[in-house]
Amino acid sequence: MIHLALQEKLQRAVLELMPEADVSSVLVRPCPEPKFGDYQTNALIGLAKRNRLNPRELAAKVVGQLDVTDYCEPVEIAGPGFLNFQLKTAALSDTLVSATRGEHLFYRTAAEPRTIIIDYSSPNVAKPMHVGHIRSTILGYALARVFRLLGHKVVTDNHIGDWGTQFGKLLVGWKEHLDKDALGQDALAEMERLYKLVNTACDGDETVLARAREELVKLQNGDAENLAIWHEMIDLSRHQFDEIYGRLGVEFDETLGESFYNDRLKGVVDDLVTQGIAEESEGAQVVFFNDHKSLKKHPAIVQKSDGAANYTTTDLATLEHRQDSWQPSEVIYVTDGRQQLHFQQLFELYNRWKPGHGMKLNHVWFGAILGEDGKPFKTRSGEIIRLSGLLDEAEQRAFDVVSEKNPNLPGEERHDIARVVGLGAIKYADLSGNRQSDYVFSWDTMLALVGNTAPYLLYAFTRIRSIFRKLGNESLTRPESFALGQAEELTLAKHLLHFGLVLEQVVDECRPNYLCNYLYELAGHFGSFYENCPVLQAEGEIRTQRLALCDLTGQVLKTGLETLGLETTDRM
RNA sequence: GCCCCGGUAGCUCAACUGGAUAGAGCAACGGAUUUCUAAUCCGUAGGUUGUGGGUUCAAGUCCCGCCCGGGGUACCA
């Protein structure tokens, strides 16, 4: 909060001295070391250098133009030309007081809201969702919520895989080997079985492969029976997807699968050919990127030699539809890192097809989920791990821990807590690391009660709730000001002020782990405060102020966790 | 072959436009409990940031070479 006011004043001071300067990079940030101050800027060093000035002299002149006495002690020039700002407690106190009045929660919404499309999850019809889908789902939904918290308009779209060559094999399986009982029990498992069965049969038998092609052509040509089966497969799949999304608390504004774009595909290819972007090569329609370094040797196929389109074509049609429907300023794709080449091609191709479209096209990719042996996360027999079972296990493990730690809670409440903690642990493990790193899936690590984990953060929240439970019916009085006389109070209060800055950083780089780190630090600062500053036993103004600090910390924790897609609980 | 990504403490990870003494957790060791929930807190120890050069007042971060690992690479998505 305050850093924005300082930043604005600083930028104005620089412009007084250098009217031509680009001050967009003159930023105020928290100090890496508290001993230097609360906030700093290092931007003047670079600015001086670009203008062949002495950095310290420039810093001195800027300080001369700068009046921040409302907020800070006298500004200090340090080292090669850093400015260090030390907050006045009064300024800190004012910000806290306005927060207790509900005027803000330490962040500002965007002055100019943008429209952003976020594409995540995207499971395939007739295949069970597995552990690989969870990262996209969790990351994408968390990002959507952070953008929304900051006042942006977000359209979330689940681009499910409901079309493609796999349906030829699925149709053969459905017609010749379907087990209706199994379908009733677990539709996705049965469809997966059918697919594997036919797929294996195709390897050794040309006639089966020919059957599959035949069924696929019939589907594509609108054969009534095949279309009906296809619709049923989609319905059954979506039912199970929705069950998982319900458990995860994830939602979508749109679910426009690949098939939604079928009508447009031919037109896209024609367009590309007419405009000379695509050309024929080995029977296929292909786009070459000869003047592009990393794509030079990687042409993109937009129409296969059998005349069918592929996912590049579908994605182009999808982008066109998104541009026409919502005019977004940004389209975000949350997928694993193996699709980097595809999205490079897609974006480059779209830029050529629709020059000047003005959208930021952003592939937000993430690393693999590995088992504790460092290899791709699978069951011991090498099977892909299904999401529903994984969620069950998370809840069960969390239930065991809750029951051990707090056996006196009623069973129903323990189940509720186990759901919040178990699912929270899985989500938080996905969110708290750098998304681009591979991450090692470990129950013990994610359900640990200490460290940067969901249980630790949730526990911090329950301690706050516990204080307010003890308070009973006593009404919360709002402090006139905050003295912040004890070091732990001061540290906690200052950290609350950084919430908005962190939210901005999450949005800028699509990295929810920044918010996780922030909340973890907040919980840590609260822990120290809690140990060293009695709240209910304190008296008078101090008690009022500490209760208010607890309340504000609780609000930020809850808002932060909910923005990440985690629920909170009052007891653990 | 080419392209992309990564390599940070024993392990898992972080490090905000390049910025001040590279930070956490786990594991190890030592301390704190007539509690506001100890599912906690405090402390100790642990590093040539893969490697060799370069740019810079300043490099984990940028540039070049090399080593190691992962992924991708014409009709799957």
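Letters go in sequence order (proteins before strands), and every chain restarts at 1.
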J.: Side chain of A:Asn310 only, please: which of B:rC13, B:rA77, B:rA39 is the nearest?
T.: B:rA77

J.: Whole-Å distance between B:rA20 P and A:Arg56 CZ?
T.: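 From A:Arg56 CZ to B:rA20 P: 17 Å.
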
J.: So does A:Tyr311 reach the base of B:rA77 with its side chain, donor to acceptor, closer than 3.5 Å?
T.: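 Check passes, donor-acceptor contact within cut-off.
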
J.: If you look at every strand shown and take non-hydrogen atoms under 4.0 Å, does A:Glu258 touch a base, only sugar-phosphate, or nothing?
T.: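 The answer is sugar-phosphate, as A:Glu258 gets under 4.0 Å only of primed atoms, P, OP1 or OP2.
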
J.: With ring-ring contact (aromatic ring centres under 6.0 Å, His included) as the test, would you mind laying out the steps for A:Phe529 and A:Phe526 before giving the verdict?
T.: CA-CA 5 Å; A:Phe529 164 84; A:Phe526 178 77; 5.8 Å; yes

J.: Pick base, sugar-phosphate or nothing for A:Asp336, based on heavy-atom distances below 4.0 Å to the nucleic acid.
T.: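 Since no nucleic acid heavy atom lies under 4.0 Å of A:Asp336, the category is nothing.
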
J.: Just the rounded figure in Å: distance from C1' of B:rA39 to CD of A:Glu404.
T.: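 Roughly 10 Å, once rounded to whole Å.
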
J.: Please measure how far the C1' atom in B:rG43 lies from the corresponding atom in B:rG7, and state the result in whole Å.
T.: 32 Å

J.: Answer with base, sugar-phosphate or nothing: what part of the nucleic acid does A:Val535 contact at a heavy-atom distance below 4.0 Å?
T.: base

J.: With sugar-phosphate meaning primed atoms plus P, OP1 and OP2, does A:Ala300 contact a base, only sugar-phosphate, or nothing at under 4.0 Å between heavy atoms?
T.: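 No contact.
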
J.: Which base sits across from B:rG52 as a Watson-Crick or G-U pair, both distances under 3.5 Å?
T.: B:rC64

J.: What is the pairing partner of B:rC11, taking Watson-Crick or G-U wobble pairs with both distances under 3.5 Å in any strand?
T.: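 When the pairing criteria are applied, B:rG25 turns out to be the nucleotide that pairs with B:rC11.
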
J.: Is there aromatic stacking of A:Phe82 on B:rG19 here, judged by a ring-centre distance under 5.5 Å and a plane angle under 30°?
T.: no

J.: Which sits closer to the 5' end of RNA chain B, A:Arg571 or A:Pro30, going by the nucleotide each is nearest to?
T.: A:Pro30

J.: Is it the case that A:Gln339 and A:Tyr333 place a side-chain donor and acceptor less than 3.5 Å from each other?
T.: no

J.: Rounded to whole Å, how long is the line connecting atom CD of A:Glu33 with atom C1' of B:rG19?
T.: 12 Å

J.: Which whole number of Å gives the distance between the C1' atom of B:rA45 and that of B:rG70?
T.: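 Their C1' atoms lie roughly 33 Å apart.
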
J.: Under 3.5 Å, is there a donor on one side chain and an acceptor on the other for A:Tyr261 and A:Asp315?
T.: no

J.: Any chance the side chains of A:Ser24 and A:Asp22 put a donor and an acceptor closer than 3.5 Å?
T.: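 Note: A:Ser24 and A:Asp22 side chains meet the donor-acceptor criterion.
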
J.: May I ask you to say what A:Cys516 touches in the nucleic acid, namely base, sugar-phosphate or nothing, with a heavy-atom cut-off under 4.0 Å?
T.: nothing

J.: Just call it for A:Lys49: base, sugar-phosphate, or nothing, with non-hydrogen atoms closer than 4.0 Å on any strand.
T.: base

J.: Kindly point out which of B:rU40, B:rC16, B:rU17 is positioned nearest to the side chain of A:Asn42?
T.: B:rU17

J.: Is the distance from OP1 or OP2 of B:rC41 to the nearest side-chain N or O of A:Tyr456 less than 4.0 Å?
T.: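 For A:Tyr456, the contact criterion (side-chain N or O under 4.0 Å from OP1 or OP2 of B:rC41) is met.
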
J.: Checking all strands, does A:Gly79 fall into the base, sugar-phosphate, or nothing category for heavy-atom contacts under 4.0 angstrom?
T.: nothing

J.: Tell me the interatomic distance from A:Asp438, atom CG, to B:rG72, atom C1', rounded to whole angstroms.
T.: 14 Å

J.: Between the protein and nucleotides 1-8 of chain B, list the N/O to N/O atom pairs that are separated by less than 3.5 angstrom.
T.:
| residue | atom | partner | partner atom | Å |
| --- | --- | --- | --- | --- |
| B:rC4 | O2' | A:Gln340 | OE1 | 2.9 |

J.: Are A:Lys427 and A:Glu567 ion-paired here, with the side-chain N under 4.0 Å from a carboxylate O?
T.: no

J.: Write down the distance separating the C1' atoms in B:rA22 and B:rG65, rounded off to the nearest Å.
T.: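 Their C1' atoms lie roughly 26 Å apart.
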
J.: Is B:rG1 paired to anything, Watson-Crick or G-U wobble with both distances less than 3.5 Å, and if yes, which nucleotide?
T.: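 WC or wobble partner is B:rU73.
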
J.: Could you tell me how far B:rC26 sits from B:rA39 if I compare only their P atoms? Round to whole Å.
T.: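 One P to the other, the span is 15 Å.
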
J.: Just one of A:Ile369, A:Leu139, A:Leu564 clears the side-chain contact (heavy atoms from CB on, under 4.5 Å) bar with A:Asp430, so which one?
T.: A:Ile369

J.: Suppose you measure atom P in B:rG69 against the same atom in B:rC64; what distance do you get, rounded to whole Å?
T.: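 Rounded to whole Å, the distance is 22 Å.
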
J.: Is it the case that the side chains of A:Asn310 and A:Thr313 hold a donor-acceptor pair, with the cut-off being a distance below 3.5 Å and no angle test?
T.: yes

J.: For B:rA58 versus B:rA77, give the span between their C1' atoms, rounded off to a whole number of Å.
T.: 46 Å

J.: Answer with base, sugar-phosphate or nothing: what part of the nucleic acid does A:Val502 contact at a heavy-atom distance below 4.0 Å?
T.: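 No contact at all - A:Val502 keeps every heavy atom at 4.0 Å or more from the nucleic acid.
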
J.: Have A:Asp400 and A:Gln396 got a donor and an acceptor in their side chains that come within less than 3.5 Å?
T.: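 Side chains of A:Asp400 and A:Gln396: pair found under 3.5 Å.
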
J.: Is there a donor and acceptor pair closer than 3.5 Å between the side chain of A:Asn84 and the base of B:rA20?
T.: yes

J.: Taking only the P atom of each, what is the distance from B:rG31 to B:rG71 in whole angstrom?
T.: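 Going atom to atom, P in each nucleotide, I get 47 Å.
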
J.: Counting only Watson-Crick or G-U wobble pairs whose two distances fall under 3.5 Å, which nucleotide matches B:rG47?
T.: none

J.: Rounded to the nearest angstrom, tell me the gap between atom CG in A:Leu457 and atom C1' in B:rU40.
T.: 14 Å

J.: What's the shortest heavy-atom distance between A:Leu370 and A:Asp438, and which atoms?
T.: CD1-CB, 3.9 Å

J.: If you compare all heavy atoms of A:Thr137 against all heavy atoms of A:Tyr120, which two are closest, and at what distance to 0.1 Å?
T.: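 Looking at all heavy atoms of both residues, the closest pair is O-CD1, 3.8 Å.
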
J.: Taking OH from A:Tyr39 and P from B:rA20, how many angstroms apart are they, rounded to a whole number?
T.: 18 Å

J.: Give the nucleotide from the list B:rA74, B:rG19, B:rG71 with an atom nearest to the side chain of A:Pro80.
T.: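 Selected nucleotide: B:rG19.
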
J.: Find the distance A:Asp444:CG to B:rA27:C1' and express it as a whole number of Å.
T.: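 Atom CG in A:Asp444 sits about 13 Å away from atom C1' in B:rA27.
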
J.: Please pick, from B:rU17, B:rA77, B:rA20, the nucleotide with the shortest atom-to-atom distance to any side-chain atom of A:Phe36.
T.: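 When the side chain of A:Phe36 is considered, B:rA20 is the closest of B:rU17, B:rA77, B:rA20.
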
J.: Distance check: side-chain N/O of A:Ser528 vs OP1/OP2 of B:rC42, anything under 4.0 Å?
T.: yes

J.: Is it true that A:Asp570 and A:Arg469 make a salt bridge, defined as a side-chain N closer than 4.0 Å to a carboxylate O?
T.: no

J.: Nearest to the A:Arg338 side chain among B:rC13, B:rU40, B:rG71, which nucleotide is it?
T.: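 So the side chain of A:Arg338 is nearest to B:rG71.
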
J.: Could you check how far CD of A:Glu279 sits from C1' of B:rA74, rounded to whole Å?
T.: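 In whole Å, B:rA74 C1' and A:Glu279 CD are 13 Å from each other.
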
J.: Does the pair A:His498 and A:Tyr39 meet the rule for a ring-ring contact (aromatic ring centres under 6.0 Å, His included), with working shown?
T.: CA-CA 10 Å; A:His498 296 170; A:Tyr39 294 96; 5.6 Å; yes

J.: Quote, to the nearest angstrom, the C1' distance that separates B:rA27 from B:rA20.
T.: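 After rounding to an integer number of Å, I get 31 Å for this pair.
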
J.: So, under a plain 3.5 Å distance rule, would you say the side chain of A:Ser305 forms a donor-acceptor pair with the base of B:rA74?
T.: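 No such pair is found, so the answer is no.
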
J.: What is the nucleic acid contact for A:Thr335, judged by heavy atoms within less than 4.0 Å: base, sugar-phosphate only, or nothing?
T.: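 Nothing: the residue A:Thr335, judged by heavy atoms under 4.0 Å, touches no strand.
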
J.: Nearest nucleotide by nearest heavy atom, which residue falls closer to the 5' end of RNA chain B, A:Gly164 or A:Ala43?
T.: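 So the residue in question is A:Ala43.
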
J.: Checking base pairs now: Watson-Crick or wobble, both atom distances under 3.5 Å. What partners B:rC57?
T.: B:rG19

J.: Tell which nucleotide pairs with B:rG30, taking only Watson-Crick or G-U wobble pairs whose two distances are both under 3.5 angstrom.
T.: B:rC42

J.: Confirm from the modelled atom types if A:Gln40 and B:rA20 form a donor-acceptor pair under 3.5 Å, side chain to base only.
T.: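 Side chain to base: pair found, below 3.5 Å.
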
J.: Identify whether any heavy atom of A:Asp570 sits under 4.0 Å from a base atom; if not, whether one sits that close to sugar-phosphate; answer base, sugar-phosphate or nothing.
T.: base

J.: Within the structure shown, what part of the strands sits under 4.0 Å from A:Phe288 by heavy-atom distance: base, sugar-phosphate, or nothing?
T.: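 Counting heavy atoms under 4.0 Å across all strands, the contact made by A:Phe288 includes a base.
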
